[in-house]
Amino acid sequence: MATKDLNLTSLRLFVAVCDARNIAHAAEREHLVGSAVSKRIAQLELQMGTTLLVRKRHGVVPTPAGETLLEYARAMLANARRVEQAMSAYASGVRGQVRLLATASVMAEALADDVVVFMQQPAHADIRVDIEERFSPDVIRGVRDGVASVGICWDAIDFQGLTSRPYLRDHLGVVVHARHPLARRKRVAFADTLDWEHVSLPATSAVQALLERAAAQHGQRLRTRVMVSNFEAALRVAHAGLAICVVPQELLHGAAGASQLHFVALTDAWAERHFSLCYRDDSALSAAARLLVDHLATAHT
């Protein structure tokens, strides 16, 4: 199988066909004629030595081999885009580029401001920083796989051999409307909040998983009235008085409607979270990445 001759155009068209489930529709989106796309797919199947698509009456579906190739093709195309971006950065005079993965909490709380301070320093004027939000396990996986040189996530996770350095900490608490009964309290145990309906985050969220485990330890289930995708939306629900939410205290500064919200600190030990920078090892960091890591590691000390 002559995979050495694989080209990105064929893979891009294969992905387009799989996404559209129709060769004609994919060809239209790619501004090509259907016969040209069909020829590319046929050549790809010949190259792979197996059928990649099953032709149906109203379109096509990938075979098991096609599904496997689709997964790898997406990754190869994504890497190719990163190469283009990196080379474009160098061509335009940027001498260093750092790709960073971080969790939603870190992104919402401090990371953007910290990176701005870093990039405003004259010595870092030629460094570009690309930031992408990921869940904690995906941060670790991305750094291990070389998708990014630096990651930031909650240090409760297994770093799987990566080097880590402390970054910042935050404090979880319950946010309620000013008229809520809990608004009269300054501190509360999480178990004492389980009588009220909570705002829920996605199941893949580290905070959501933490809260569900904590509720289970008290023999209860978290009562959910509304599910949202991020902390900002959770605060809006709390502001409307529909439910209470657990968020980091640090997010309340400048939040819309904060004057009508009340933060009640959680007394549970797990309510204080620590976040860490992680990377493969010092020798794997570029000069630009090392400067950024050193800056972030001291930003909150």
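Because the structure is predicted, anything quoted here is derived from the model rather than measured. Residue numbers count from 1 along this sequence. Hydrogens, waters and symmetry mates play no part in the numbers below; they use all other heavy atoms, side chains included.
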Legend entry - Shortest non-hydrogen separation from Val37 to Leu13 and the atoms involved: CG2-CD2, 4.5 Å
Legend entry - Closest non-hydrogen atom pair, His177 against Ala183: O-CB, 3.7 Å
Inset, instruction - State, with a plain yes or no, whether a side-chain heavy atom of Val176 is found less than 4.5 Å away from one of Phe263. - result: no
Legend entry - Side-chain heavy atoms of Thr51 within contact of Leu53, under 4.5 Å: no
Inset, instruction - Any chance you could measure Glu67, atom CD, to Thr63, atom OG1, to the nearest 0.5 Å? - result: 8.0 Å
Legend entry - Donor-acceptor pair, side chain of Ser205 and main chain of Leu201, under 3.5 angstrom: no
Inset, instruction - Say whether Phe14 and Leu8 are linked into one hydrophobic cluster, either directly or through other cluster members, by side-chain heavy-atom distances under 4.5 angstrom. - result: yes
Inset, instruction - Could you check if a side-chain atom of Asn22 sits within less than 4.5 angstrom of a side-chain atom of Val60, using non-hydrogen atoms only? - result: no
Inset, instruction - Using distance alone, with no hydrogens and no angle criterion, decide if Gln249 and Asp170 have a side-chain donor and acceptor under 3.5 Å apart. - result: no
Inset, instruction - Verify, without hydrogens or angle tests, whether Thr298 (side chain) and Asp294 (backbone) share a donor-acceptor contact under 3.5 angstrom. - result: yes
Legend entry - Contact check, side chains of Leu111 and Leu100, non-hydrogen atoms, under 4.5 Å: yes
Inset, instruction - Taking the side chain as every heavy atom from C-beta outward, state whether Cys245 and Phe231 have any pair of such atoms under 4.5 Å apart. - result: no
Inset, instruction - Would you confirm whether Thr68, through its side chain, and Pro64, through its main-chain N or O, come within 3.5 Å as a donor-acceptor pair? - result: yes
Inset, instruction - Evaluate the side-chain proximity of Arg165 to Ser276: yes if any heavy-atom separation is below 4.5 Å, no if none is. - result: no
Inset, instruction - With rounding to the nearest 0.5 Å, note down the distance linking CG in Leu69 to CE in Met48. - result: 6.5 Å
Legend entry - Hphob cluster co-occupancy, Phe159 + Leu101, side-chain heavy atoms under 4.5 angstrom: no
Legend entry - Non-hydrogen atoms of Ala233 and Val228 that approach each other most closely: CB-CB, 3.7 Å
Inset, instruction - Tell me, yes or no, whether the heavy-atom count around His124 atom NE2, taken from other residues, nucleotides or ligands under 6.0 Å, exceeds 12. - result: yes
Inset, instruction - State which residue, out of Arg12, Gln43, Gln47, Arg40, fulfils the side-chain contact (heavy atoms from CB on, under 4.5 Å) condition with Asn7. - result: Arg40
Legend entry - Hydrophobic cluster identity match, Ile157 and Leu172, side-chain contacts under 4.5 Å: no
Legend entry - Spatial distance of atom CD (Glu197) from atom CD1 (Ile244) [nearest 0.5 Å]: 9.5 Å
Inset, instruction - Flag yes if more than 12 heavy atoms outside Glu232 fall under 6.0 Å of its CD atom; otherwise flag no. - result: no
Inset, instruction - May I ask you to decide if Leu242's main-chain N or O and Arg225's side chain share a donor-acceptor pair within less than 3.5 Å? - result: yes
Legend entry - Pair Arg273-Ser105, side-chain donor/acceptor within less than 3.5 Å: yes
Inset, instruction - Using the side chain to side chain contact (heavy atoms under 4.5 Å, CB included) rule, take Val293 and Asp282 through it: C-alpha gap first, then chi angles, then the decisive distance, then the call. - result: CA-CA 10 Å; Val293 167; Asp282 290 302; over 6 Å; no
Inset, instruction - Work out which heavy atom in Glu132 is nearest to a heavy atom in Met107; give both atom names and the distance. - result: C-CE, 4.4 Å
Legend entry - Beyond-backbone contact of Leu52 with Leu70, side-chain heavy atoms, under 4.5 angstrom: no
Inset, instruction - Taking the side chain as every heavy atom from C-beta outward, state whether Val246 and His198 have any pair of such atoms under 4.5 Å apart. - result: yes
Inset, instruction - With rounding to the nearest 0.5 Å, note down the distance linking CG in Leu211 to OG1 in Thr193. - result: 8.0 Å
Inset, instruction - Determine the interplanar angle of the Trp154 and Phe275 rings, folded into 0 to 90°, and report it as parallel if under 30°, tilted if 30 to 60°, perpendicular if over 60°. - result: tilted
Legend entry - Under 3.5 Å: donor-acceptor pair, side chain of His295, backbone of Asp114: yes
Inset, instruction - Mind checking the CG-CG spacing from Leu266 to Asp268? Nearest 0.5 Å is all I need. - result: 5.5 Å
Legend entry - Stepwise side chain to side chain contact (heavy atoms under 4.5 Å, CB included) test for Phe190 and Thr267: CA-CA 7 Å; Phe190 178 67; Thr267 58; over 6 Å; no
Inset, instruction - Group every Ile, Leu, Val, Met, Phe, Trp and Tyr by side-chain heavy-atom contacts under 4.5 Å, then state whether Phe135 and Leu162 land in the same group. - result: no
Legend entry - Carboxylate-amine/guanidinium proximity below 4.0 Å for Arg74 and Asp19: yes
Legend entry - Distance (rounded to the nearest 0.5 Å) between Arg179 CZ and His262 NE2: 14.5 Å
Inset, instruction - Answer yes or no: is there an ion pair linking Lys39 with Glu45, defined by an N-O contact shorter than 4.0 Å? - result: no
Inset, instruction - Looking only at non-hydrogen atoms, find the nearest pair between Ala238 and Leu261 and report the distance. - result: C-CD2, 3.9 Å
Inset, instruction - Give me the one residue out of Ile140, Thr103, Val147 that meets side-chain contact (heavy atoms from CB on, under 4.5 Å) with Arg134. - result: Val147
Legend entry - Check: His171 main-chain N/O paired with Glu250 side-chain donor or acceptor under 3.5 Å: yes
Inset, instruction - For atom CZ of Arg55, decide whether the heavy atoms of other residues, nucleotides or ligands shown that lie under 6.0 angstrom number more than 12. - result: yes
Inset, instruction - Over all heavy atoms of both residues, which pair between Ile23 and Gly34 is shortest? Give the atoms and the distance, please. - result: CG2-O, 3.8 Å
Inset, instruction - Flag yes if Val143 and Leu296 sit in one hydrophobic cluster, no otherwise; membership is Ile, Leu, Val, Met, Phe, Trp, Tyr, and two members link when side-chain heavy atoms are under 4.5 Å apart. - result: no
Inset, instruction - For the residue pair Tyr167 and His300, categorise the inter-ring angle as parallel (less than 30°), tilted (30 to 60°) or perpendicular (more than 60°). - result: perpendicular
Legend entry - Other residues, nucleotides, ligands: >12 heavy atoms within 6.0 Å of Met119 CE: yes
Legend entry - Backbone N/O of Asp130 and side chain of Arg99: donor-acceptor pair under 3.5 Å: no
